[in-house]
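For reference, the structure discussed in these notes is given below.
As the structure lists them, so they are numbered: ligands from 1, and atoms in each ligand from 1. Bear in mind that the values here come from a model prediction, so they are computed numbers and not experimental data.
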Amino acid sequence: MKRLVPAEPYNGGVTSAPPSPTTVIRPGPSPARLDFASGIFDYAPAPESVRPEIAGSYGLFIGGTSVDAQGGKRFATTNPATGETISEVAEASAADVDRAVAAARAALPAWSALPGIERGKYLYRIARRLQERAREIAVLETIDGGKPIKESRDVDIPLAAAHFFYHAGWADKLAYAFPGTDPKPVGVCGQIIPWNFPLLMAAWKIAPALACGNTVVLKPAETTPLTALRLAEICDEVGLPAGVVNIVTGAGATGAAIVEHPGVDKIAFTGSTEVGKRIAKAVAGTDKTLTLELGGKSANIIFEDASIDQAVEGIIEGIYFNQGHVCCAGSRLFVQESIADRVTAKLRDRLATLRVGDPLDKNTDVGAINSRAQLDTIERYLRIGRDEGATLHEVNGSALPDAGNWCRPCFFTGVQPSHAIAREEIFGPVLAVMTFRTPAEAIERANNTPYGLAAGVWTDKGSKIFEVASKLDAGVVWLNTYNKFDPTSPFGGFKESGFGREGGRHGLRPYVRL
Ligand code: NAD
């Protein structure tokens, strides 16, 4: 693959000791010293030492090679934890999308004619190469997106590899997935993904498409293009035939060009409900098929018989994981009235111990907000919540770095169902806490939302679990846990959270014609 040599390789702000005081919270001389003022354990900094090579600029991956955008337009991608520019990336125009679609179309006959067992071998190779390069890619994901290294290292990259492994297994078994039929590929798939799980979302899209014999044109989000381009390198390394995977970088206009291209047979979109609706309109009346994975305002319901400590950990996992940049974040918490004070007290205590700061520090729990625009959105909702009369609890005492985009994890009490913070997706570490008295009220209030992506139920009673879970309008319901993902388990929404499923046997369906 043609690589453009970096003028000066960016090292992601990774420093050997002593780390930069602007990017590391509370550097301390000894491990595990409790700072009683803030409630935060003061660990010695543990900065990630791997330094991925990052080129000064990247092209588009079209037809198995790196090419410049026609007209040479580029945009910068920055490190949200420092504000520094990491690299420049080509901005694909409609003409570039046309080239990518032509490459995918040209590759389609040979790829779809390949026996499934052979396609599966390529997917296995991609999965193994992702594992081999996991550390480097995890660091890159954290530098480009702002999520804590322990999440990209332990969740994003292993799950991305797992999706390729899982779908490699399906490639030669499609006839068993759809018995009595002769599944055929849909054709050229246009795939558009957001910035919250950049590589993982690419894996969710590319792995099933390839397993089913399709070719793809994928567009990563404009703030997090780098790991998708690493995946392009891996496709090249494993000898994937040219044109089977094409990656075009750019913003909304590039995505719209994919959606509108007549040579695309299927659109798979993950992102906001607003853009999803626009795409649904653009695709209506064409013969393209469509799947949409959109926003959410998911409910986490805690009953009085639940294990409270376990539930509080689930609440933390549900809303503060990845800074709340999770479509299925448990952003509405419904607590049974009798335990509300206990739960909020424990939540405050636990919140105080979360370490916010340098995403490359292995101790960090909450990293940087992905972009200035997203931080502005979150801060706007914090103001709206206070203006609406809710009480903001911001108990975390982490010293925030000077540069970059930061928001302390927090929660609101005194929230009414009509409040914007209870109805609208904030996509940040902001929790709206409400109470209920009976299971019926919990179900009614949890379902009182235009979204329907996920929910959590916490109770010791098995019968209550099944009763409540079966009545929640949510694509995924977690029971006594939250935010657990597995490639074998279908994921997707109800109502304005979209339609279609990704993962499991259900996730193959959008990629085959029966
Ligand atoms: P977004 O809708 O702004 O952007 C998503 C992608 O669409 C980006 O690549 C963007 O460049 C592209 N895009 C923007 N305008 C477009 C247009 N007119 N036509 C085609 N493509 C266009 O969303 P975001 O801010 O990047 O991501 C956050 C949203 O994604 C949240 O609402 C979140 O809930 C949702 N999300 C959903 C899931 C899920 O599985 N349901 C998963 C992750 C994120």
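Ligand 1 places these atoms under 4.0 Å from at least one heavy atom of Thr270: 5 (C), 36 (N), 37 (C), 38 (C), 39 (C), 40 (O), 42 (C), 43 (C), 44 (C). Those atoms of ligand 1 with a heavy atom of Ala256 less than 4.0 angstrom away are 19 (N), 20 (C). Against a heavy-atom cut-off of under 4.0 Å, Gly295 is close to the following atoms of ligand 1: 32 (O), 34 (O). Listed by atom number, the atoms of ligand 1 under 4.0 Å from Ile279 heavy atoms are 20 (C). Taking every non-hydrogen atom of Lys219 and a distance limit under 4.0 Å, the qualifying atoms of ligand 1 come out as 8 (C), 9 (O), 10 (C), 11 (O).
Ser93 and Gln70 share no donor-acceptor pair across their side chains, judged by distance under 3.5 Å alone. If you check the side chains of Thr364 and Asp358, you find no donor sitting under 3.5 Å from an acceptor. Side-chain contact check for Thr142 and Ser152: at least one donor-acceptor pair (N or O, by modelled atom type) lies under 3.5 Å. Looking at Lys495 and Thr449, their side chains never bring a donor and an acceptor atom within 3.5 Å of each other. With hydrogens and angles left out, the side-chain atoms of Tyr58 and Glu88 include no donor and acceptor closer than 3.5 Å.
In terms of polar-atom proximity, Trp204 is not counted as a contact of ligand 1, lacking any N or O under 3.5 Å from an N or O of the ligand.
No more than 12 heavy atoms of other residues, nucleotides or ligands shown are found within 6.0 angstrom of NE2 on His506. More than 12 heavy atoms of other shown residues, nucleotides or ligands fall within 6.0 angstrom of atom CD in Glu379. Shown here is Asp387, whose CG atom has more than 12 heavy atoms of other residues, nucleotides or ligands within 6.0 Å.
Ring-centre distance between Trp204 and Phe164: not below the 6.0 Å cut-off. Side-chain rings of Trp170 and Tyr511 stay apart, their centers remaining 6.0 Å or farther from each other.
Annotation: cation-pi pair Lys147/Phe197 present, NZ/CZ under 6.0 Å from the ring centroid and within 45° of its normal.
Remark: among candidates Leu292, Leu453, Ile192, the nearest residue to atom 12 (C) of ligand 1 is Ile192, based on non-hydrogen atoms. Counting heavy atoms only, Cys327 comes closest to atom 39 (C) of ligand 1 of the residues Ala257, Ala329, Gly475, Cys327. The option with the heavy atom closest to atom 8 (C) of ligand 1, from among Thr254, Ile193, Asn196, is Ile193. Nearest-heavy-atom check against atom 20 (C) of ligand 1 across Gly255, Gly296, Gly190 picks out Gly255. The residue among Ser272, Pro220, Gly500, Gly271 with a heavy atom at the shortest distance from atom 2 (O) of ligand 1 is Ser272.
At a heavy-atom distance under 4.0 Å, only side-chain atoms of Glu425, from C-beta outward, approach ligand 1. Using a 4.0 Å cut-off between heavy atoms, Phe269 contacts ligand 1 through its side chain alone, with no backbone atom that close. Contacts between Glu222 and ligand 1 below 4.0 angstrom, taking non-hydrogen atoms only, involve the side chain exclusively. If you look at Arg278 next to ligand 1, the close heavy atoms, those under 4.0 Å, all belong to the side chain. At a heavy-atom distance under 4.0 Å, atoms from both the backbone and the side chain of Pro194 approach ligand 1. When non-hydrogen atoms are compared, ligand 1 lies under 4.0 Å from the backbone of Leu294 (N, CA, C, O) but not from its side chain. By the criterion of a heavy-atom distance under 4.0 Å, neither the backbone nor the side chain of Ile258 is placed next to ligand 1.
The presence of a protein heavy atom under 4.0 Å from atom 18 (N) of ligand 1 is confirmed.
Of the protein's non-hydrogen atoms, the one nearest atom 16 (C) of ligand 1 is Val275 CG1, 3.4 Å. The nearest protein atom to atom 25 (O) of ligand 1, hydrogens excluded, is given as Trp195 NE1, 3.1 Å; this is a heavy-atom distance. The single protein non-hydrogen atom nearest to atom 33 (C) of ligand 1 is Phe427 CE1, 3.2 Å, given as residue, atom name and distance.
For the side-chain hydrogen bond (donor to acceptor under 3.5 Å, both in side chains) criterion with Asn300, the lone passing option out of Trp458, Tyr482, Trp478 is Trp458.
Applying the salt bridge (Lys or Arg N to Asp or Glu O under 4.0 Å) test to residues at least two apart or on different chains, the pairs with a partner in residues 498-507 are Lys205-Glu502. Within the structure, no pair that satisfies the salt bridge (Lys or Arg N to Asp or Glu O under 4.0 Å) test touches residues 185-195, not counting sequence neighbours.
Between Gly498 and ligand 1 there is no heavy-atom distance shorter than 4.0 Å.
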